[in-house]
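These figures come from a predicted structure and were not determined experimentally. Throughout, numbering of the chain's residues begins at 1 and tracks the sequence. Below, each value reflects all heavy atoms present in this structure, side chains not excepted, and no hydrogens, waters or symmetry copies.
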Amino acid sequence: MERFKRILVVVDPADEEHKAINRSLHIARLTQAKISLFLSIYDFSYEMTTMLSRDERDTMRTNLIADRRAWVADLLEGFDTEGVDIDITVVWHNRPFEAIIEHVQKLEADLLVKATQVQPSFQNLLFTPTDWHLLRKAPCPVLLVKEHAWPQHGQVLAAIHSGSEEQEHKTLNDRVVDTAQAITQVLNASLHLVNAYPTAPINVAVEIPEFDVTQYSDELERHHKNAMANFARKHRIPSSQQHVEQGLPEQVIPDLAKRLDAELVVLGTKGRTGFSAALLGNTAEHVLERLNCDVLAIKPADFKSPVA
């Protein structure tokens, strides 16, 4: 986790527990990382005040930014910040996700931390539109935080696609596990790997009577377990911490995270944007909606943010 040296933390005035600040301070104490607290504010009524001159509107915005910055500084007094290097930035911007990503790029931050909400009826994470934009477009790893702490000797789950022969997937798998291992070393936690593989295509069995569904399923399971074993061997992860299960990733990964009582799930996301994202969604995002723990989303090494 030494790779996280500059952490950008999104301050959420609506979050009374300020989970993102708590989590970032915990990480900073373990890694000596610097923290940048960031708050984006905007009030459309200030832009529509026609009775004031432009200079007067600018002064109002400047005063409001100063007021919110003082509020963040006061907020920090309730935390143990001794020994942690912290700075505060408040900006006026009508699109929070763009403001956040622009500041990530300016600071060259290597971790973005933001709190999430929880749906009480399901105890799952509830992601805001800003969360989705950050997951798709932020150039650095994004940590979305729930309430509970990260205890020592806990469980970290890394979701991979070990059965793929595509180099893109293989490279992203390595990035996901390398990051997860760095975290587990700092937390003295156990790292588990999970790979979900699909069920046999039943429609093929209907159309082709000689198709042996059982044999196909057995061969598919064998392929994915062998691929997992080879991948885990490279990263020195024991067989007891390798999980290969049949089903959709959005079902398998959250179910296993719950069974393990994992504190964190680390997964890769290609950061799909635009029309294809709106229509097709993203496997990682379907997984995220069902998780009941912290999530760390990792982008490919060559990912470029669409936010300039």
Side-chain angles (χ1 to χ4, degrees), residues 1 122-125 135 141 143-144 146 148 150-201 213-270 282-300:
M1 205 147 68
F122 300 104
Q123 287 301 304
N124 290 344
L125 296 180
L135 285 166
L143 176 62
L144 296 175
K146 201 185 168 186
H148 64 73
W150 285 1
Q152 293 282 311
H153 311 293
Q155 311 294 326
V156 174
L157 180 61
I160 62 171
H161 188 12
S162 60
S164 175
E165 296 299 325
E166 296 181 13
Q167 188 58 44
E168 180 184 25
H169 281 133
K170 291 181 178 180
T171 303
L172 188 54
N173 286 340
D174 287 331
R175 284 176 62 82
V176 166
V177 174
D178 287 345
T179 302
Q181 284 183 317
I183 294 171
T184 56
Q185 288 171 6
V186 172
L187 297 177
N188 291 322
S190 297
L191 175 59
H192 294 255
L193 302 183
V194 59
N195 179 76
Y197 68 94
T199 57
V213 175
T214 302
Q215 181 181 354
Y216 177 86
S217 296
D218 291 344
E219 290 177 357
L220 192 61
E221 180 181 12
R222 190 179 306 112
H223 166 72
H224 282 276
K225 285 188 174 180
N226 288 339
M228 169 67 86
N230 291 333
F231 178 82
R233 190 178 302 113
K234 180 173 68 171
H235 292 276
R236 299 181 179 179
I237 297 172
S239 58
S240 60
Q241 292 162 216
Q242 302 169 25
H243 306 271
V244 179
E245 300 187 8
Q246 187 179 64
L248 296 173
E250 54 263 41
Q251 297 170 339
V252 169
I253 297 171
D255 287 348
L256 180 59
K258 184 176 181 180
R259 297 200 305 270
L260 292 174
D261 192 23
E263 286 76 41
L264 174 68
V265 170
V266 186
L267 47 72
T269 175
K270 296 181 181 179
N282 186 305
T283 298
E285 293 175 2
H286 291 308
V287 172
L288 291 168
E289 289 173 343
R290 293 170 171 81
L291 285 170
N292 62 354
C293 62
D294 288 13
V295 177
L296 180 62
I298 308 294
K299 299 287 199 324

Value for CG (N173) from CD1 (I298), rounded to nearest 0.5 Å, stands at 12.0 Å
Flag side-chain contact, heavy atom, 4.5 Å: F231 against N195 | no
Check A262 against C293 and note the closest heavy-atom contact, atom names and distance.
-> O-CB, 3.3 Å
Looking at CD1 of I183 and CG of D178, how far apart are the two atoms once the value is rounded to the nearest 0.5 Å?
-> 11.5 Å
Do K146 and N292 have side-chain heavy atoms sitting under 4.5 Å apart?
-> yes
Side-chain touch Q215/D218, heavy atoms, less than 4.5 angstrom | no
For V156 and A189 the tightest heavy-atom approach is CG2-CB, 4.1 Å
Note: Q251 and P254 closest approach over all heavy atoms is O-CD, 3.6 Å
Under a 4.5 Å cut-off applied to non-hydrogen side-chain atoms, are I253 and V265 in contact?
-> yes
When you measure from the side chain of Q242 to the backbone N and O of I237, does any donor-acceptor pair fall under 3.5 Å?
-> yes
Nearest heavy-atom pair of Q246 and V252: which atoms, and what distance?
-> O-CG2, 3.8 Å
Do the side chains of T269 and K299 get nearer than 4.5 Å, heavy atoms only?
-> yes
Using the side chain to side chain contact (heavy atoms under 4.5 Å, CB included) rule, take D255 and R290 through it: C-alpha gap first, then chi angles, then the decisive distance, then the call.
-> CA-CA 9 Å; D255 287 348; R290 293 170 171 81; over 6 Å; no
Which heavy atom of A227 sits nearest a heavy atom of G163, and at what distance?
-> CB-CA, 4.1 Å
Steps toward side chain to side chain contact (heavy atoms under 4.5 Å, CB included) verdict (K225, R222) | CA-CA 5 Å; K225 285 188 174 180; R222 190 179 306 112; 5.9 Å; no
To the nearest 0.5 Å, what is the distance between OG (S239) and CE (M228)?
-> 11.5 Å
Is atom NZ of K170 surrounded by more than 12 heavy atoms (other residues, nucleotides or ligands) closer than 6.0 Å?
-> yes
For the side-chain contact (heavy atoms from CB on, under 4.5 Å) test, which of L157, L191, L143 pairs with L264?
-> L143
How close do L172 and G268 get, heavy atom to heavy atom, and via which atoms?
-> CD2-CA, 3.9 Å
Look at the rings of H224 and H161 and say which category their plane angle falls in: under 30° parallel, 30 to 60° tilted, over 60° perpendicular.
-> parallel
About how many Å separate OH of Y197 and OG of S217, when rounded to the nearest 0.5 Å?
-> 7.0 Å
Measuring from L220:CG to H223:NE2, what's the distance to the nearest 0.5 Å?
-> 7.0 Å
State whether the side chain of E263 and the backbone N or O of Q155 hold a donor-acceptor pair below 3.5 Å, judged by distance alone.
-> yes
Of L144, V266, L267, the residue whose pairing with L296 passes side-chain contact (heavy atoms from CB on, under 4.5 Å) = V266
Tell me yes or no: between the side chains of Q181 and Q185, is some donor less than 3.5 Å from an acceptor?
-> no
Straight-line distance of H192 NE2 to S240 OG, nearest 0.5 Å | 7.5 Å
